[in-house]
Structures are given as structure tokens and as C-alpha cells.
Colleague: 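Have a look at the structure that comes next, please.
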Amino acid sequence: MIIQFQNKNETNRQQLNNFISLPKYKRFLVFVELSKRINLFPTKKREEKKNNYVIDFSKK
């Protein structure tokens, strides 16, 4: 394991270079995977209850 000390700009530049060096199809797959995983992050947004188009067939 190699430990490197870098500042934020150097790290970002290295990550970008590593990403750009991938073939186009792998870049796309990495993007799709990231898009899937980002939906798993918790957010403060609450889901609204959606009662649209509810048909009640019970007799009263």
C-alpha cells in the first residue's frame, strides 16, 4: 500500500486523468454505476404521499 500526500487539486487532476484514460465504454459503465449508487444516499427530501387515481369500489 502506498501512502501519498496530495492537495485537493492534485488529487482531482489525478482522478480525472485516471477516468479519461479508460476506454469510452468503460467510462460510460462507470458513469451508469455512479448514477445508480448516488440514489442510495440519504436526503432530507421526504416522499409525498401520492393518492392520485385511487378508485374505491367498496359499498357504503
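For this chain, numbers begin at 1 and follow the sequence in order.
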Colleague: If you count heavy atoms of other groups shown closer than 6.0 angstrom to CZ of Phe19, is the number above 12?
Modeller: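 Enclosed.
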Colleague: Compare every heavy atom of Leu22 with every heavy atom of Lys26, then report the nearest pair and how far apart it is.
Modeller: CB-CB, 4.3 Å
Colleague: What is the distance from atom CZ of Arg37 to atom CG of Leu40, rounded to the nearest 0.5 Å?
Modeller: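 The CG atom of Leu40 is 9.0 Å from CZ of Arg37, to the nearest 0.5 Å.
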Colleague: For atom CD1 of Ile3, is the number of surrounding heavy atoms from other residues, nucleotides or ligands below 6.0 Å larger than 12?
Modeller: no
Colleague: Give the intermediate values and the outcome of side chain to side chain contact (heavy atoms under 4.5 Å, CB included) for residues Leu16 and Ile20.
Modeller: CA-CA 6 Å; Leu16 179 62; Ile20 296 298; 3.9 Å; yes
Colleague: Say whether, by atom type as modelled, one donor and one acceptor occur between the side chain of Glu10 and the main chain of Asn7 under 3.5 angstrom.
Modeller: yes
Colleague: Going by side-chain hydrogen bond (donor to acceptor under 3.5 Å, both in side chains), name the residues that satisfy it together with Gln4, two or more places apart in sequence or in a different chain.
Modeller: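 Gln4 satisfies side-chain hydrogen bond (donor to acceptor under 3.5 Å, both in side chains) with Gln6 only.
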Colleague: Above 12 or not: heavy atoms from other molecules or residues under 6.0 Å from CG of Leu34?
Modeller: yes
